[in-house]
Amino acid sequence: TIGMIVVDGNGNVATGTSTNGASHKIPGRVGDSPMIGAGSYADSSVGGAAATGDGDTMMRFLPSYQAVENMRMGADPTMACQKAIARIQKHVPIFFGAIICANKTGSYGAACSKAPGFTQFHYSIYKPGLSQPLEEMVDCL
Amino acid sequence: QPPLPLVVTTWPFHSATQAAWKALAARGSALDAVETGCAQCETDQCDGSVGYGGSPDESGETTLDAMIMNGNTMEVGAVASLRRIKNAIGVARAVMEHTKHTFLVGESASLFAESMGFVCEDLTTNRSLSIYSKWLDQQCQPNFRKNVTPDPTKSCGPYKPVKSLSEGKKPTLQKQVDLHSHD
């Protein structure tokens, strides 16, 4: 899945996702990406979040909505993402998933859940001062 | 440097991030930038998990899911299990802008998309066909079936339900992790 958060120069926030889902899914199966609050969530009074990973598991926890609410309660974007991932890990200790977060003032972060073969999450950002997209990375929880 | 504007994208999908930034530079809104960026990934078929020609289902078909959300107005448009239409994020935006609904799914979502002028085309490619035929050759492993017969860990369907073999045990959400099959 591509998940994306855009905050424009005036602090207006929009998010979105697009995916072709899980391979070999049962026809009719829908993942987390199009689910509001699971695939992504935006509230310009706070910020936005978007998720990627095992949609069957992640959609049950609405991690993007949770991350925005974490930011609303004062968490910085990285902490907001980490808390959303930790919440899922309480129920599913090992799952494949990652989330990106940004607040309306332009701070951003990410978090991911460690799984066999997946210990770091790479993501892409663009902000003033850069002349091309920059790849950043976080170690998984 | 001022901290805004900002584009953040999952995975190193830099072409999508670049496209979104360009949309902002061209005085597009944040919503325009999200649509443009995600559409770029659909065209590029980013890592095979976005766009046509990837992640075939049990019948070999590629279907698409997408959503878009305006953080100012809380307007949302979303589509799921979209068939025969490549530009899923564009259809999600059309749901937002041309309906009072939020979420359209399946065959009817595709008919809505066609009525809105989106091109109808086959989402299967040689790549998705080869993924599918390889899966069939491996007795349909891995799959998402459980409590069915024949044994889904050993063979393809068609499957019939059987009494849950794990009745009485505490249900667990924990399952095998498959890094190559995700949303």
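Below, read A as the first sequence line, B as the second, and so on, with proteins coming before strands; counting in each chain starts at 1. Since the model is a prediction, treat every value here as computed from it, not as a measurement.
- Using a distance-only test at 3.5 Å, with no hydrogens or angles considered, a donor-acceptor pair links the side chain of B:Ser49 to the main chain of A:Thr1.
- The heavy-atom pair separating A:Pro128 from B:Pro3 by the smallest distance is CD-O, 4.0 Å.
- The contact between B:Phe13 and chain A is made by backbone and side chain atoms together, counting heavy-atom distances below 4.5 Å.
- Both the backbone and the side chain of A:Met35 come within contact range of chain B, each with at least one heavy atom under 4.5 Å from a heavy atom of that chain.
- Under a 3.5 Å cut-off, the side chain of A:Asp8 and the backbone N or O of B:Pro5 do not form any donor-acceptor pair.
- Using a 4.5 Å cut-off between heavy atoms, B:Val8 touches chain A through backbone and side chain atoms alike.
- The part of A:Ile100 that comes within reach of chain B is its side chain, from C-beta onward, which places non-hydrogen atoms under 4.5 angstrom from that chain.
- Contact annotation for B:Thr62: only side-chain heavy atoms (C-beta onward) come within less than 4.5 Å of a heavy atom of chain A.
- Residue contact with chain A, scored on non-hydrogen atoms closer than 4.5 Å, involves the side chain of B:Leu24 exclusively.
- The closest side-chain heavy-atom distance from A:Ser40 to B:Met67 is below 4.5 Å.
- Within the 4.5 angstrom heavy-atom criterion, no atom of B:Ser128 approaches chain A.
- The contact between A:Ser33 and chain B is made by backbone and side chain atoms together, counting heavy-atom distances below 4.5 Å.
- Contacts between B:Gln18 and chain A at a heavy-atom distance below 4.5 Å involve backbone atoms as well as side-chain atoms.
- In this structure, chain A has heavy atoms under 4.5 Å from both the backbone and the side chain of B:Ile131.
- Residue with the most contacts toward chain B among A:Thr52, A:Asp56, A:Asn10: A:Thr52 (heavy-atom pairs, distance under 4.5 Å).
- Using a 4.5 Å cut-off between heavy atoms, B:Cys46 does not touch chain A at all.
- Between B:Trp135 and A:His24, the ring planes are parallel. Angles under 30° get that label, and only those over 60° would be called perpendicular.
- Both the backbone and the side chain of B:Ala33 have a heavy atom closer than 4.5 Å to some heavy atom of chain A.
- What you find for B:Leu6 and A:Lys127 is that their closest heavy atoms are CD1-CB, 4.1 Å.
- When heavy atoms are compared at a cutoff of 4.5 Å, A:Arg29 approaches chain B by way of both its backbone and its side chain.
- For chain A, the nearby part of B:Met74 is the side chain; its heavy atoms alone come within less than 4.5 Å.
- Taking all atoms of both residues into account, the shortest heavy-atom contact from A:Val6 to B:Ala20 is CG2-CB, 4.5 Å.
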Problem set entry | Stepwise side chain to side chain contact (heavy atoms under 4.5 Å, CB included) check, B:Thr9 with A:Ile2 | CA-CA 7 Å; B:Thr9 306; A:Ile2 178 167; 3.7 Å; yes
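- In this structure, no portion of A:Leu130 lies under 4.5 Å from any heavy atom of chain B.
- For A:Phe121, the part lying near chain B is the side chain, with the backbone staying farther off; criterion is any non-hydrogen pair under 4.5 Å.
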